[in-house]
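So the structure is just underneath, and the comments pick up after that.
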Amino acid sequence: MNLAGLDLNLVVALRVLLEERNVTRAGQRVGLSQPAMSAALSRLRKHFDDELLARVGGHYELTALGQVLLDRTATAYDVLERLFSSQASFDPARESREFKLVASDYAVSVFGAELARVVHEEAPGIRLRFTQTPPTVVDDTATLLSAVDGLLMPHGVISGFPATDLYDDRWVFVVADDHPTVTDGLTLRDLAELPWVTYQRTYDAPAVRQLGMLGIEPRVEASVDSFQLLPLLVAGTRRIALIQARLARLLAPIAPVRLVEPPYEAVPLQEALWWHPVHTHDAAHVWLRETAERVGAGLPQVNDAAQ
């Protein structure tokens, strides 16, 4: 494929055509006449050797290829938009723009809130938009990073992309205050026999993968997409959950639970900001990363002991 021979304006046309599934509405959306948008559709059909939009009754539906291109085109559009909005210099006190960060509720609670506070004070025109980490982040990291400004995630889950370290944390178990069998601490046998509450794909966490090396497979009874819900699903039950110590401290007043040390030497957690290489030399992203590093370094040290 020779990109030099392509009209990249067709990316815009392709996106709106696939989303609107109507030539007239697509043209109105990007400020083109109906004949101009029809001409763009004709060129796209010739390029892909596919109808893309097929008439069914009185409306158009996407062909199989059109359906495949729908998500890919949105991603490509975002990448091009970010590429051509790159800046050689960046003045945070004067600029007005939005950074999109993918993060779990844990990362937003422990780090994102403080980052937002600092950005508010130093760069009032900058907006931060946090979106939930999807369960598929490990399966297609490149596509995710290509459409956002950064991903907050610990080391040991993804690799192969640039990252900067932010802060450290550690894993602890949370159990009900009145747990009938866990009185002093947990044993490896407890981890194998007691029911678990987990966050999405908890097995991606190195601290959980360690259990497999010990011959233990967690018996998952409930799974949620929020770390903050874990204590609520543990309270008053026999369940256990693995949670980050920093977040556990914040959630302590919410539910009648207590923290217990793992009965094995769980690997520490090192949170990092990951990004797509296309952003590496962009002045705005350099500022964002440096600010994130400074905020992370300023967080208090995590307590060494579960209580």
Side-chain angles (χ1 to χ4, degrees), residues 75 78-79 81-83 85-88 90 92 97-119 122-123 126-171 199-210 225 227 242-247 266-302:
T75 299
D78 287 342
V79 171
E81 187 175 52
R82 293 173 188 280
L83 175 64
S85 64
S86 298
Q87 301 170 243
F90 182 76
R97 63 166 292 171
E98 178 180 86
F99 289 102
K100 182 178 179 181
L101 299 173
V102 177
S104 66
D105 63 315
Y106 153 71
V108 175
S109 300
V110 169
F111 171 79
E114 180 62 14
L115 176 64
R117 186 191 67 79
V118 171
V119 169
E122 300 180 2
I126 302 301
R127 304 178 305 280
L128 298 178
R129 179 154 64 101
F130 295 99
T131 60
Q132 177 73 13
T133 306
T136 57
V137 61
V138 179
D139 304 320
D140 197 2
T141 308
T143 298
L144 174 67
L145 287 179
S146 68
V148 300
D149 295 296
L151 166 67
L152 298 176
M153 178 163 284
H155 285 282
V157 181
I158 63 173
S159 62
F161 294 91
T164 184
D165 292 346
L166 300 176
Y167 62 90
D168 61 357
D169 207 339
R170 52 192 301 278
W171 294 99
Y199 168 81
Q200 286 187 356
R201 294 172 25 159
T202 301
Y203 54 80
D204 286 327
V208 177
R209 292 203 298 268
Q210 284 181 268
D225 62 0
F227 281 108
L242 195 61
I243 192 171
Q244 305 89 343
R246 290 183 183 273
L247 181 61
V267 294
L269 185 157
Q270 181 67 55
E271 190 79 0
L273 171 62
W274 305 78
W275 67 90
H276 195 282
V278 71
H279 300 314
T280 297
H281 302 295
D282 176 47
H285 279 266
V286 172
W287 171 83
L288 175 67
R289 299 194 300 268
E290 290 177 346
T291 303
E293 290 173 355
R294 177 161 48 89
V295 170
L299 294 180
Q301 293 296 310
V302 64

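Side chains included, hydrogens not; waters and symmetry mates left out as well; all remaining heavy atoms used. If you're wondering where the values come from, they're calculated on a predicted model, not measured in any experiment.
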Any side-chain to backbone donor/acceptor pair from Gln270 onto Tyr167? Under 3.5 Å, distance only.
yes

For the side chain of His279 and the backbone of Ala284, is there at least one donor-acceptor N/O pair under 3.5 Å apart?
no

Side-chain contact, heavy-atom cut-off 4.5 Å: His155 with Asp165?
yes

Set of salt bridge (charged side-chain N to carboxylate O under 4.0 Å, His left out) partners for Glu122, sequence neighbours left out
Arg294

Please name the pair of heavy atoms, one in Val302 and one in Ala245, separated by the smallest distance, quoted to 0.1 Å.
CG2-CB, 3.7 Å

Out of Asp169, Leu152, Ile243, which one pairs with Tyr106 under the side-chain contact (heavy atoms from CB on, under 4.5 Å) rule?
Asp169

Would you call Val110 and Gln244 a side-chain contact if the rule is heavy atoms closer than 4.5 Å?
no

Any donor-acceptor N/O pair, Arg246 side chain to Pro300 backbone, under 3.5 Å:
yes

Going by ring pair (Phe, Tyr, Trp, His ring centres under 6.0 Å), name the residues that satisfy it together with Trp171, two or more places apart in sequence or in a different chain.
none

Ile126 to Pro92 - nearest heavy-atom pair and separation
CG1-O, 4.3 Å

So which atom in Asp105 and which in Phe227 form the shortest heavy-atom distance, rounded to 0.1 Å?
OD1-N, 2.9 Å

Considering all heavy atoms of both residues, which atom of Ser109 and which atom of Leu247 are nearest to each other, and what is their separation?
CB-CD1, 4.0 Å

Is the shortest side-chain heavy-atom distance between Phe99 and Leu115 below 4.5 Å?
no

Passing candidate, side-chain contact (heavy atoms from CB on, under 4.5 Å) with Asp149, options His276, Arg97, Arg289
Arg97

Hey, what do you get for CD (Glu290) to CD (Glu293), rounding to the nearest 0.5 Å?
6.5 Å

Give the minimum heavy-atom separation between Phe130 and Ala103, together with the two atoms involved.
CD2-CB, 4.4 Å

Does any N or O in the side chain of Thr133 come within less than 3.5 Å of the main-chain N or O of Ser104, such that one atom is a donor and the other an acceptor?
yes

Closest heavy-atom contact between Ala116 and Leu128?
CA-CD1, 3.8 Å

The salt bridge (charged side-chain N to carboxylate O under 4.0 Å, His left out) partners of Asp140 (sequence neighbours excluded) come to none

Run the side chain to side chain contact (heavy atoms under 4.5 Å, CB included) check on Leu151 and Ile158 step by step: do they pass?
CA-CA 11 Å; Leu151 166 67; Ile158 63 173; 3.6 Å; yes

Checking Glu271 side chain against Gly296 main chain: does a donor-acceptor pair fall under 3.5 Å?
no

Got Val137 and Val102 here, is their nearest side-chain heavy-atom distance under 4.5 Å?
no

Distance in Å, Leu144 CG paired with Met153 CE, rounded so as to fall on 0.5 Å steps:
8.5 Å

Asp168 vs Pro268 side-chain heavy atoms within contact, under 4.5 Å:
no

So Leu101 and Leu273, do their side chains get closer than 4.5 Å, heavy atoms only?
yes

Can you check whether Tyr199 reaches Leu242 side chain to side chain, under 4.5 Å on heavy atoms?
no

